[in-house]
*Asks:* 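Structure below; questions to follow.
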Amino acid sequence: MRILVIEDEARLAQTLAELLHRQGYTADISGDGLSGLDNAASDIYDLVVLDAMLPGMDGFTLLQRLRQEGHTVPVLMLTARSGVEDRVRGLDSGADYYLTKPFEPQELLACVRLLLRRTDGQPRQEDAVTCGDLRLEPGTFLLRCGQREVRLSRREYDLMELLIRSYPQIVPKEQLILKVWGYDSDAEDNNVEVYISFLRRKLEHLHSAVKIRTHRLVGYCLEVGA
């Protein structure tokens with residue numbers, strides 16, 4: 001299960017991520033409303049924990065935008081805004097649960113389990129994504145080309161999915177780091193280059209006509225050959 005924490009208070013965000021990690025969840029952090037919306041709309045998360053007061057875009061607006069765009073990921077609003085009007089606004093905006101700060105960790109985890117149970121405790125079933133002769137399967141992390149297949153690591157999968165969904169656009173290195181390594185990561189360009197090299201070797205093994213092209217000082221994109 002993968003959870004996105006959208007919280008601008010860095011210490012609290014890290015505390016939440018560590019709490020979720022101890023329960024066996026994968027937790028990523030976004031520290032502002034704009035990157036939070038971008039990540040929440042990526043459809044790779046099973047749950048979003050959302051603060052109301054965020055720089056760039058407040059949590060209520062973020063949630064309204066998310067729902068207007070058709071994204072159904074469960075959202076737990078976790079905020080110091082405890083007034084009745086704020087609760088009503090949060091729920092009307094599309095929140096599945098509204099929890100106020102300060103909170104008890106056990107209550108938060110109970111809310112997380114409740115919202116995840118509404119999806120039968122399983123990750124959302126997503127369709128495979130394709131590009132050229134490639135087929136990437138979310139449930140198994142398999143990358144297929146004809147009768148050949150390779151299994152990707154979590155990070156390889158996230159990189160390849162982002163490149164496929166962005167095709168034919170160039171994805172900047174900064175965006176790859178943000179979406180694959182996370183907001184508070186110390187990953188650098190070299191980390192991206194290493195994993196791109198892993199993916200290139202696997203594409204060669206598959207004999208795929210799809211290549212990963214480097215755009216110097218900018219980023220990467222997929223190119224589909226004949």
*Asks:* Do you see a donor-acceptor pair shorter than 3.5 Å between the side chains of R200 and T214?
*Replies:* yes

*Asks:* Name all residues meeting the ring-ring contact (aromatic ring centres under 6.0 Å, His included) criterion together with F198; count only those two or more places apart in sequence or in a different chain, and write none if there are none.
*Replies:* Y195

*Asks:* Any non-hydrogen side-chain atom of L222 less than 4.5 Å from a side-chain atom of I164?
*Replies:* yes

*Asks:* Quick one: CZ on R81 to OG1 on T79, what's the gap to the nearest 0.5 Å?
*Replies:* 6.5 Å

*Asks:* Closer than 3.5 angstrom, by distance alone: can the side chain of S166 be matched with the main-chain N or O of Q169 as a donor-acceptor pair?
*Replies:* no

*Asks:* Using a 3.5 Å cut-off and no angle test, enumerate the donor-acceptor pairs between side-chain atoms of residues 53-67 and protein atoms at least two apart in sequence or in another chain.
*Replies:*
| unit_1 | atom_1 | unit_2 | atom_2 | d |
| --- | --- | --- | --- | --- |
| D58 | OD1 | F60 | N | 2.9 |
| D58 | OD1 | T61 | N | 2.9 |
| D58 | OD1 | T61 | OG1 | 3.3 |
| D58 | OD2 | T61 | OG1 | 2.9 |
| Q64 | NE2 | S93 | OG | 3.3 |
| R67 | NE | G94 | O | 3.2 |
| R67 | NH1 | H71 | O | 2.9 |
| R67 | NH1 | V73 | O | 2.8 |
| R67 | NH2 | V73 | O | 3.0 |
| R67 | NH2 | G94 | O | 3.0 |
| R67 | NH2 | D96 | OD2 | 3.1 |

*Asks:* Would you say the side-chain atoms of D32 and S35 include a donor-acceptor pair closer than 3.5 Å?
*Replies:* yes

*Asks:* Between E223 and R213, is the closest basic N to carboxylate O distance under 4.0 Å?
*Replies:* yes

*Asks:* Crowded around E18 CD? As in, over 12 foreign heavy atoms under 6.0 Å?
*Replies:* yes

*Asks:* CD1/I6 to CG/D38 distance, rounded to the nearest 0.5 angstrom?
*Replies:* 10.0 Å

*Asks:* Can you name the closest pair of heavy atoms from H215 and C221 and give their distance?
*Replies:* NE2-SG, 3.2 Å

*Asks:* Do L178 and L217 share a hydrophobic cluster (ILVMFWY, side-chain heavy atoms under 4.5 Å, transitive)?
*Replies:* no

*Asks:* Compare every heavy atom of L4 with every heavy atom of A40, then report the nearest pair and how far apart it is.
*Replies:* N-CD2, 3.5 Å

*Asks:* Output the distance between atom CG (D133) and atom CZ (R144), rounded to the nearest 0.5 Å.
*Replies:* 14.0 Å

*Asks:* For a quick test of reading the model, state the closest non-hydrogen atom pair linking D8 to D51 and the distance between them.
*Replies:* OD1-OD2, 3.5 Å

*Asks:* Among L134, V224, L143, which one satisfies side chain to side chain contact (heavy atoms under 4.5 Å, CB included) with S208?
*Replies:* L134

*Asks:* Do D158 and R2 meet the salt-bridge criterion of a basic N to acidic O distance under 4.0 Å?
*Replies:* yes

*Asks:* Any chain of hydrophobic side-chain contacts (each under 4.5 Å) joining V218 to V171?
*Replies:* no

*Asks:* How far apart are the closest heavy atoms of A95 and M77, and which atoms are they?
*Replies:* CB-CG, 3.6 Å

*Asks:* Taking K202 for the side chain and R151 for the main chain, is one N or O donor matched with an acceptor at less than 3.5 Å?
*Replies:* yes

*Asks:* Nearest 0.5 Å please: distance from the CD1 atom of I44 over to the CG atom of L162.
*Replies:* 8.5 Å

*Asks:* Looking at V210, V150, L206, which one forms a side chain to side chain contact (heavy atoms under 4.5 Å, CB included) with C145?
*Replies:* L206

*Asks:* L20 versus L108: any side-chain heavy-atom pair under 4.5 Å?
*Replies:* no

*Asks:* Would the distance check show the side chain of E7 and the main-chain N or O of E9 forming a donor-acceptor pair, the cut-off being under 3.5 Å?
*Replies:* yes

*Asks:* In this structure, would V180 and Y167 fall into the same cluster of hydrophobic residues linked by side-chain contacts under 4.5 Å?
*Replies:* yes

*Asks:* Check which hydrophobic residues are tied to V88 through side-chain heavy-atom contacts below 4.5 Å, counting indirect links as well, and list them.
*Replies:* V84

*Asks:* Within a strict 4.5 Å, meaning less than it, do heavy atoms of the L50 and L78 side chains meet?
*Replies:* no

*Asks:* Just how far is it from atom NE2 of H21 to atom CD1 of I3, taken to the nearest 0.5 Å?
*Replies:* 9.0 Å

*Asks:* Is E137 salt-bridged to R135, cutoff N-O under 4.0 Å?
*Replies:* yes

*Asks:* When you check the gap from the basic side-chain N to the acidic O, do K173 and E193 get nearer than 4.0 Å?
*Replies:* yes

*Asks:* Taking atom CD of E69 as the centre, report whether more than 12 heavy atoms of other residues, nucleotides or ligands fall under 6.0 Å from it.
*Replies:* yes

*Asks:* State yes or no: do I170 and V192 share one hydrophobic cluster built from I, L, V, M, F, W and Y residues joined by side-chain heavy-atom distances below 4.5 Å, directly or via other members?
*Replies:* no

